[in-house]
There are 2 protein chains.
Amino acid sequence: MMRGAASGMDKSLDDRVGGDRKVTCFGRSESLPFQTLSPELLVALGAIGRPKTLACDEVLVAAGEQPGIVGFVMDGVLRMEKTLIDGQRQIVGLLVAGDMFGRVFDGAFPFSVEAATECEICSFPKTRFETLLEGSPELERVLLLNQLNELDSAREWLGLLANHRTIDKVAGFLVFLHRRWAHLAETRKQPELGTLIDLPISRLDMAEALGTRTEGISRAFHALQDRKLITIVTPYRFVIHDFDELERMSGLSESESEIDARAAMRAAHTLR
Amino acid sequence: MMRGAASGMDKSLDDRVGGDRKVTCFGRSESLPFQTLSPELLVALGAIGRPKTLACDEVLVAAGEQPGIVGFVMDGVLRMEKTLIDGQRQIVGLLVAGDMFGRVFDGAFPFSVEAATECEICSFPKTRFETLLEGSPELERVLLLNQLNELDSAREWLGLLANHRTIDKVAGFLVFLHRRWAHLAETRKQPELGTLIDLPISRLDMAEALGTRTEGISRAFHALQDRKLITIVTPYRFVIHDFDELERMSGLSESESEIDARAAMRAAHTLR
DNA sequence: CCGCGTCATTGATGATCGTCAATCGGTCGC
DNA sequence: GCGACCGATTGACGATCATCAATGACGCGG
């Protein structure tokens, strides 16, 4: 919290990639957005980045405010949401490890960002981050590609909400989670049984994400279980037996191979 | 199974621009994304940009393909859509004058882009555009801000789809259109009567955009008329009498002043 | 160990929507 | 002008969901 970044780049030489100091935000996960940047940039970023732990339901950015920070998630799940006039909430996105939050070169953020679970994040003062950005097309490129990812995610989400029956929405949500987070620890493969998925959010969060109610979510899960497509281990843990059928129900058509191909393409460009 | 907007609408949207065959794509509209770029860049862009006219329902980019072009819309409306496994289509975005399409530094585009009306676009060969981009942080900045806009749009769309009753979705859609396109010719203010809005798309397009059916859209419009909130002039032309109530129904909370403030903020940064 | 609160689940019922079918209105080709 | 056609509209009915209410499961503090 009070770690002085004033000494700048020199001091953080030992904080850099691969360093095991807990004061650095880098060098831990494989999926961080800045993984492909040059060492010099990582050093500069490390000098202004601060790790932070959020308690569940803690508010990181309030809707409509002009956030003074940008950053990315290292662990846990954050939800991006909007509270409507009538008090209803709508969740427009979930942030997991590697996802960025906040906005450069822009004013008020129309959504609030809250911790859906206990979280660890890395945040940068917005102005200092923007200063770095001014001098680094490389960093700007990463941001641009990151936006593309977010856009894909948002539109895939649109496809989920477009489903008429909530059982299809829920089916799609499971596929969505698995596709986006397969690389994280929440999922494990067990060839005999299927794929284990830990749901990181409550029924209420899911309902608000899919535009339904908790009761509908619950019924949908149990209907999926009746169809032998999943097994409910606990309300927060499932085993997926038939991914293809879930995909078919939800209408999500992109296969994983396509997803991977696109991700690889982006990585190549980033490295270029 | 031919689909497309009624020919009656074609007439109403047609002949607006006249038949001038300028070689350049620039210098006409106030709302083009590249308006703030330096003259040198505009010249360079003008050298590789080519205007093009699309007939209604013409396919500009097929889903899953790697488009060879990027560009922006000069006139008309394009829809970004995805055809699901079962043949159902989902519209994830509408592109109007000033909106960009295509993607730099990325592979296959997961959606198809089709003309919802007769359109005029300006397209650049992707590779040449990327070459320009490599040497121009200024241009990259514009793209980044453009992505932010698209993200906002997609998430606002999410809010629409989250509404349970389709009358609320339709109400929100009208507000959405007016906010995004108020600067275009499709809307006109008439203080005594309300605001005139020309809907540029068919009932089917709207249904697929909002995740419902044409019958529901139709019923919703007439229910809104019964409540004296709108007047249906033709199936493609409405007069809005009570915008505030429509906003309230849809849950869209951001006021226009906020929207304007954010747009101004972006413009300032772009100009910087 | 008990009591309390929170969340998930289940049941029942009215509201809304999707679906199928019929009708209307306008356009276009002849 | 006539007729075929396409899209919008309207009606009727079954499917699905939101809502309200009650119950069950679980964790936490006393």
Side-chain angles (χ1 to χ4, degrees), chain A residues 56-57 84 86-90 116-118 161-171 198-208 210-227 230-238 249 251, chain B residues 1-14 55-57 84 86-90 116-118 160-171 198-208 210-227 230-238 249 251:
Chain A
C56 186
D57 288 331
L84 306 182
D86 53 8
Q88 293 239 347
R89 295 189 317 167
Q90 167 62 24
T117 68
E118 188 170 296
L161 276 170
N163 277 301
H164 302 150
R165 292 191 300 281
T166 92
I167 189 176
D168 296 339
K169 295 186 186 182
V170 171
D198 278 310
L199 192 68
I201 58 175
S202 71
R203 293 283 188 272
L204 180 58
D205 284 337
M206 252 191 90
E208 288 171 342
L210 295 178
T212 73
R213 298 299 157 120
T214 60
E215 298 94 329
I217 300 288
S218 183
R219 280 186 250 264
F221 271 126
H222 287 267
L224 288 175
Q225 188 173 44
D226 290 345
R227 295 192 195 180
I230 68 173
T231 297
I232 305 173
V233 183
T234 77
Y236 291 89
R237 170 169 290 188
F238 309 89
M249 291 174 63
Chain B
M1 202 43 119
M2 220 53 218
R3 36 170 322 288
S7 45
M9 186 197 51
D10 286 346
K11 215 182 289 180
S12 72
L13 288 180
D14 216 6
C56 187
D57 287 329
L84 306 183
D86 53 8
Q88 292 238 350
R89 296 189 318 164
Q90 168 63 22
T117 69
E118 188 172 296
L160 289 186
L161 276 168
N163 277 302
H164 302 150
R165 293 191 300 281
T166 93
I167 190 176
D168 296 339
K169 295 186 185 182
V170 171
D198 278 311
L199 192 69
I201 57 174
S202 70
R203 293 284 189 272
L204 181 58
D205 283 337
M206 249 190 94
E208 288 172 341
L210 296 179
T212 72
R213 298 300 158 121
T214 61
E215 298 94 329
I217 300 288
S218 184
R219 278 185 251 265
F221 272 127
H222 287 268
L224 288 174
Q225 189 173 43
D226 290 345
R227 296 192 194 179
I230 69 172
T231 297
I232 305 173
V233 183
T234 77
Y236 292 89
R237 171 168 289 186
F238 310 88
M249 291 174 63

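In the text below, chain A, chain B and the rest are named by the order of the sequence lines, each starting its count at 1. Both backbone and side-chain heavy atoms feed into the values below; hydrogens, waters and symmetry mates do not.
In this structure a side-chain-to-backbone donor-acceptor pair under 3.5 Å is missing from B:Arg165 to B:Met249. When atom types are taken as modelled, the side chain of A:Ser202 and the backbone of A:Asp205 share a donor-acceptor pair closer than 3.5 angstrom.
Summarising the geometry, the separation between CD on B:Glu215 and C1' on D:dG14 is reported as 15 Å, rounded to the nearest angstrom. If you measure from atom CG of A:Leu210 to atom C1' of D:dA18, you get 15 Å, rounded to the nearest angstrom. The interatomic distance linking B:Ile217 (CD1) with D:dT10 (C1') rounds to 16 Å, in whole Å. Atoms CD1 (B:Ile232) and C1' (D:dT10) sit 13 Å apart, rounded to a whole Å.
At most 12 heavy atoms of other shown residues, nucleotides or ligands fall within 6.0 angstrom of atom CD in A:Glu118.
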* Heavy atoms under 4.0 Å is the rule here; annotate nucleotides 12-18 of chain C 5' to 3' with B where the base is hit, S where only the sugar-phosphate is, and - elsewhere. => B---SSS

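By the 4.5 Å heavy-atom criterion applied to side chains, B:Ile217 and B:Thr166 are not counted as neighbours. B:Leu210 is listed as a side-chain neighbour of B:Val170, based on a closest heavy-atom distance under 4.5 Å. The shortest distance between side-chain heavy atoms of B:Leu160 and B:Lys169 does not fall below 4.5 Å. When side chains are defined from C-beta on, B:Arg89 does not count as touching B:Leu84, because their heavy atoms never get closer than 4.5 Å. Under the 4.5 Å side-chain criterion, counting only non-hydrogen atoms from C-beta, A:Gln225 is in contact with A:Thr231.
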Quick one: which protein N/O atoms are closer than 3.5 Å to N/O atoms of nucleotides 6-8 of chain C? Pair and distance per line, please.
unit_1, atom_1, unit_2, atom_2, d
C:dA8, OP1, A:Arg203, N, 2.8
C:dA8, OP1, A:Tyr236, OH, 3.0

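With salt bridges taken as basic N to acidic carboxylate O contacts below 4.0 Å, none links A:Arg219 and A:Asp226.
Over its length, the helix from C:dC1-D:dG30 to C:dC30-D:dG1 turns its helix axis by 40°, as judged from the five terminal pairs at each end, rounded to 10°.
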